[in-house]
Amino acid sequence: MNLIKKAAEDISKAKMGIALTGAGISTESGIPDFRSKDGLWSRYDINEYGHIDSFKKNPAKVWMMLREMISLMNAEPNPAHYALVELEKMGYINAVITQNVDNLHQEAGSKNVIEFHGNFKRVVCTRCGKKKGVDKIDMENLPPMCECGGILKPDGIFFGEAIPRNAYLKSVALATKCDLMLVIGTSASVYPASQLPYLAKGSLTKPKGIVIEINKETTDITGIVSDYIIEGKAGEILPKIVEEIKSITS
Ligand code: NAD
């Protein structure tokens, strides 16, 4: 059976659908994922620059990379983000749990977005905790500083930091409760977000939800947790699924 059709049928029958997204949903907006061969991550070692200890040790050095990363995030949502907005409006998707820190789901118009790794379009003061938009700070002199004299940090997490508590609890509750999860553009390799599809799926003795992957390539959960994978670009596949749902429900 055509997998777009199958996904449309599964989504339209679900009582509680949710989406888990990763960097791959934003590559068509021009923001590279970790796997891209060229670009940011070939020049900066993610293990070095992405760890909170590196930030603490040399915030100015890490901010050089962050400044470039944040400028890349000056991007527009793509058809995949907009398709998820439509699915939410149609009542098929209750929430988008995103590992992305680029704010593109929110900019596209999704209402219930859970920022699992925070949001790099905001900064937070490491001393007083005040938050503001990244567009409000001076990035000429690094590291950027708060009025209180503290160093500003993106309001998202680095490796070595805990998942924001509320986002974690909400995500676990949603993944446990849902009966369908779309896993879009994530390699499903970054813990603990990688565990959410397992919660959605249930266990061998107590199967629960349908897990559908949309990805350019197979991942660690393909065929183990996901029921099936639709291989290709999220920005092409998701709008087709929306169109198919409209045709079967009209
Ligand atoms: P990842 O880089 O490990 O994996 C990206 C996945 O997306 C891969 O499986 C790849 O095959 C797939 N992919 C790439 N382009 C695609 C497309 N057009 N359509 C469908 N699939 C596509 O990313 P991850 O799993 O999200 O984990 C990496 C971590 O990096 C996350 O924590 C995320 O927060 C962070 N990150 C975020 C951004 C962002 O905010 N846009 C960008 C880079 C990294």
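Side chains included, hydrogens not; waters and symmetry mates left out as well; all remaining heavy atoms used. Just so you know, ligand 1 is whichever comes first in the structure, and atom 1 is the first atom listed for that ligand. Here the structure is a predicted model, which means the values were calculated and not measured.
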Engineer: Mind checking whether Tyr44 and Tyr49 have parallel, tilted or perpendicular rings, split at 30° and 60°?
Structural biologist: perpendicular

Engineer: Do ligand 1 and Asn215 have nitrogen or oxygen atoms that lie under 3.5 Å from each other?
Structural biologist: yes

Engineer: Are Leu142 and Phe120 connected in the hydrophobic side-chain network, where two residues link if heavy atoms are under 4.5 Å apart?
Structural biologist: yes

Engineer: Pick, from Asn100, Thr21, Asn78, the option with the minimum heavy-atom distance to atom 37 (C) of ligand 1.
Structural biologist: Asn100

Engineer: Measuring from non-hydrogen atoms of Pro32 to any atom of ligand 1, is the shortest distance under 4.0 Å?
Structural biologist: yes

Engineer: Can you figure out which of Met73, Glu213, Gln99 has its heavy atom closest to atom 33 (C) of ligand 1?
Structural biologist: Gln99

Engineer: Any nitrogen or oxygen of Ile214, side chain or backbone, less than 3.5 Å from one on ligand 1?
Structural biologist: no

Engineer: Test of understanding: given a 4.0 Å heavy-atom threshold, classify the contact between His117 and ligand 1 as side chain, backbone, both, or neither.
Structural biologist: side chain

Engineer: Check for me, please, whether Ile151 and Ile52 land in the same ILVMFWY cluster - side-chain distances under 4.5 Å, paths through other members count.
Structural biologist: yes

Engineer: Which one holds for Asp102 and ligand 1: side chain close, backbone close, both close, or neither close, with close meaning a heavy atom under 4.0 Å?
Structural biologist: both

Engineer: Kindly identify the option in Gly156, Gly24, Ala23, Gly22 whose heavy atom sits closest to atom 23 (O) of ligand 1.
Structural biologist: Ala23

Engineer: Have a look at ligand 1 and work out which part of Ile31, if any, has a heavy atom under 4.0 Å from it: side chain, backbone, both or neither.
Structural biologist: side chain

Engineer: If I apply the N/O under 3.5 Å rule, does Gly185 come out as touching ligand 1?
Structural biologist: yes

Engineer: Return the option from Leu72, Asn119, Thr27 holding the heavy atom at the smallest distance from atom 15 (N) of ligand 1.
Structural biologist: Thr27

Engineer: Classify the ring geometry between Phe116 and Tyr168 as parallel (under 30°), tilted (30 to 60°) or perpendicular (over 60°).
Structural biologist: tilted

Engineer: Could you say whether the N/O atoms of Lys233 and ligand 1 ever approach to under 3.5 Å?
Structural biologist: no

Engineer: Quick check: does any side chain N or O of Thr186 sit under 3.5 Å from a backbone N or O of Thr21, one acting as donor and the other as acceptor?
Structural biologist: no

Engineer: Does any donor atom in the side chain of Asp155 or Asn119 lie under 3.5 Å from an acceptor atom in the other side chain?
Structural biologist: no

Engineer: Taking Ile25's backbone N and O only, do any of them form a donor-acceptor pair with Asn78's side chain (distance below 3.5 Å, no angle check)?
Structural biologist: yes

